[in-house]
There are 2 protein chains.
Amino acid sequence: MSETVSIKEVAARAGVSPGTVSNVLNRPEKVAGATRSRVEQVIRELGFVRHGSASTLRAGHSRTIGLSVIDIGNPFFTDVAAGVEDLASDRGYAVILGNSAGSRSKEERNLLVFAEQRVRGVLITPSDDDPHRLERLRARGIAVVLVDHPADRADQCAVSVNDVTGGTMAAAHLLEGGAERLAYVAGPATMRQCRERRIGAERALAAAGLDPGRLRVLEMTAMTAKAGQQAAELLLADLPDAVFCANDLLALGLLRGLLQAGVRVPEQVSLIGYDDIDFASASTVSLSSVRQPTYQLGRVATELLLDECDNPDTHAHQQIMFQPELVVRESSR
Amino acid sequence: MSETVSIKEVAARAGVSPGTVSNVLNRPEKVAGATRSRVEQVIRELGFVRHGSASTLRAGHSRTIGLSVIDIGNPFFTDVAAGVEDLASDRGYAVILGNSAGSRSKEERNLLVFAEQRVRGVLITPSDDDPHRLERLRARGIAVVLVDHPADRADQCAVSVNDVTGGTMAAAHLLEGGAERLAYVAGPATMRQCRERRIGAERALAAAGLDPGRLRVLEMTAMTAKAGQQAAELLLADLPDAVFCANDLLALGLLRGLLQAGVRVPEQVSLIGYDDIDFASASTVSLSSVRQPTYQLGRVATELLLDECDNPDTHAHQQIMFQPELVVRESSR
DNA sequence: AGATTCCATTAAAACGTTTTGGTAGATTCC
DNA sequence: GGAATCTACCAAAACGTTTTAATGGAATCT
């Protein structure tokens, strides 16, 4: 049943050699017009589809890239993935998606799969700062571009957003609104993003002449709406004036928890999240947030990766750092 | 630099033949304990990683499956994808993700990529009802399981949720709440889901002794929060008692639009969405919805697909249809 | 016209696995 | 002790491409 038609059959039917068919496929300019159109005709007739594995095996590289993200359930990452997918697909690359779900072992397993598939390159938002795994990939000749994480070395592309600045923006905004008692609700400190946003916030306190030690920090185990709601319970006993959440999922959960407990937002507590996911503006008390150029993040990272793959000689490694943008909405007005 | 170590080098170093190494990898029980552990040792030492393409080429099938979804930005689909990914990854399969974004040509391109990669099987939520493309895949010997779409033929696996029932549940619930003037806000009618949920709603009207023609239908071009907000503007001129949205994204947008215009939900207008995405319960006026077993949908579909791939002889095609579940929250109380 | 260059094509050798058929050597059976 | 049966391994042939070096013929040059 599974009639797979190979390049040979196309060649036979078109009266040329397999090599010529391959040329039609890969360097059409090398083959005479008449021959080319004849071959193309036969390809259509027979419904020939190139065997990617054979091609990869012989050519030594594939037309796939691996994308490893921390939480596919977070709209932030789906936006990144959309950026990756759009560009990759335009350039004829397939994307293999791996969700590390914050687990180091899952991440490692995904990278192994990528290595087995001999992906052309890997885009990864690492779940921690250990560069070891990535070294291993590079040692195999697989290009790696870090996404939402600064480079750990110069011969390495990375696309990130300045999280310290973002943290400063968020906290400064809350302080300007008159807040004196500030809380920071974050995920695990193993995540660089959480640490840096905190540093930024502390910097804002210092700039306002306040003791950075006054920042009340809640470190939740996850960065989900559920965790945000738990954070609300923790805060209810002693409400701060304002809360900065390390991402919008936390903030939305927190918001709900506070409102359910009868706390008025922003009158009693003002609130700001991070990422500016779509749902931030759609929530009823619309959520202030720190916008990151999410889709661009994915797109630019892919651009760099494909450049590194396709033009290894001229490729110059780049560390791109975008600036975040403050978006003020009802929750902090 | 890119030192790729092959099965041959492992064999040489372990003092066995390549075939034996292959056996250690694929049927360890066939090889004597001592030899096996020696080979495994060498594999670790050399950091050998099997070349997936070579394996695929020779074995005639890969360890990857393709997943084509309609909108990766919709949490419904990321939940499905999570279910797919978890199980696939457990079974040693990699998932290639394709986002059709509702576009038929993008979907087609994704399927071509899947065919080139010689994926073992394809999971797809088709963007319309045309079975033609899927026939082509099957003709190539690629197993296909439909996700969130009933089967179009008996020799075909499919996992779906009863959308007619779901539509009935939603509308009946609104009618029970005392609503008389009912609106249905949906996406394009080319989408089967939108059509069936509408049929269900009309059935509920009929069951309540009302004319189904009284259902006021708004057909938006997208199923996003933004489209929902536009729908709110359209409804404001002549408010219905209750609105049923074809998915939660629409409902959340609509909710926000209504509240911003000063309409009280559920007092003036009660509202129900569909899918019960996480954000439905996290929104301030928590959203009633029709829950689908989303993660299960992905998981079961993958189960069926892998069974069809791994046990083609004993595999029995199944059409599984889950029942949806009504979740009542504030927006319709 | 003969020598040279160029162009379009081909034949054949890879790429790294899996798999088939076979063979030695050990074990069991009569 | 010889025949039969296992067991554990190996050699070699695929799988479907891409790529390199070679080839024959047309076009250009002297």
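All chains are named by letter (A, B, ...) in the order of the sequence lines, taking the proteins before the strands, and each is independently numbered beginning at 1. Small disclaimer: the values here were computed from a predicted structure and weren't measured.
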Give [X] one of three labels, base, sugar-phosphate or nothing, depending on what nucleic acid heavy atoms sit under 4.0 Å from its own.
X        : value
Gly33(B) : nothing
Thr20(A) : base
Val16(B) : sugar-phosphate
Ser22(A) : base
Thr35(A) : sugar-phosphate

Rounded to whole angstrom units, what separation is found between the [atom1] atom of [X] and the [atom2] atom of [N]?
X        : N       : atom1 : atom2 : result
Ile7(B)  : dA11(D) : CD1   : C1'   : 15 Å
Asn23(B) : dA11(D) : CG    : P     : 14 Å
Arg27(A) : dT18(D) : CZ    : P     : 9 Å

- Task: Apply ring pair (Phe, Tyr, Trp, His ring centres under 6.0 Å) to His61(A) and list each qualifying residue two or more places apart in sequence or on a separate chain.
- Result: none

- What's the spacing between Asn23(B) CG and Lys30(B) NZ if we round to 0.5 Å? 8.5 Å

- Message: If I take atom OG1 from residue Thr56(B) and atom NE2 from residue His51(B), how far apart are they, to the nearest 0.5 angstrom?
- Response: 9.5 Å

- Query: Just the endpoints, please: which first and last nucleotides of DNA chain C, 5' to 3', lie under 4.0 Å from a heavy atom of chain B?
  - Reply: dG16(C) to dT19(C)

Salt bridge or not for [X] and [Y], using N-O below 4.0 Å?
X         : Y         : answer
Arg120(B) : Glu308(B) : no
Arg104(B) : Asp130(B) : yes
Arg13(A)  : Glu45(A)  : yes

- Query: In the structure shown, which nucleotide is the Watson-Crick or G-U wobble counterpart of dC30(C), with both distances under 3.5 Å?
  - Reply: dG1(D)

- Report the base-pairing partner of dT17(C) (Watson-Crick or G-U wobble, both distances below 3.5 angstrom), or none. dA14(D)

- For DNA chain D, whose closest nucleotide is more 5', that of Arg58(B) or that of Ala32(B)? Ala32(B)

- Are OP1 or OP2 of dT18(D) and a side-chain N or O of Ser55(A) less than 4.0 angstrom apart? yes

- Item | Non-neighbouring partners of Leu25(A) that pass side chain to side chain contact (heavy atoms under 4.5 Å, CB included), sequence neighbours left out | Ile7(A), Ile43(A), Phe48(A), Arg50(A)

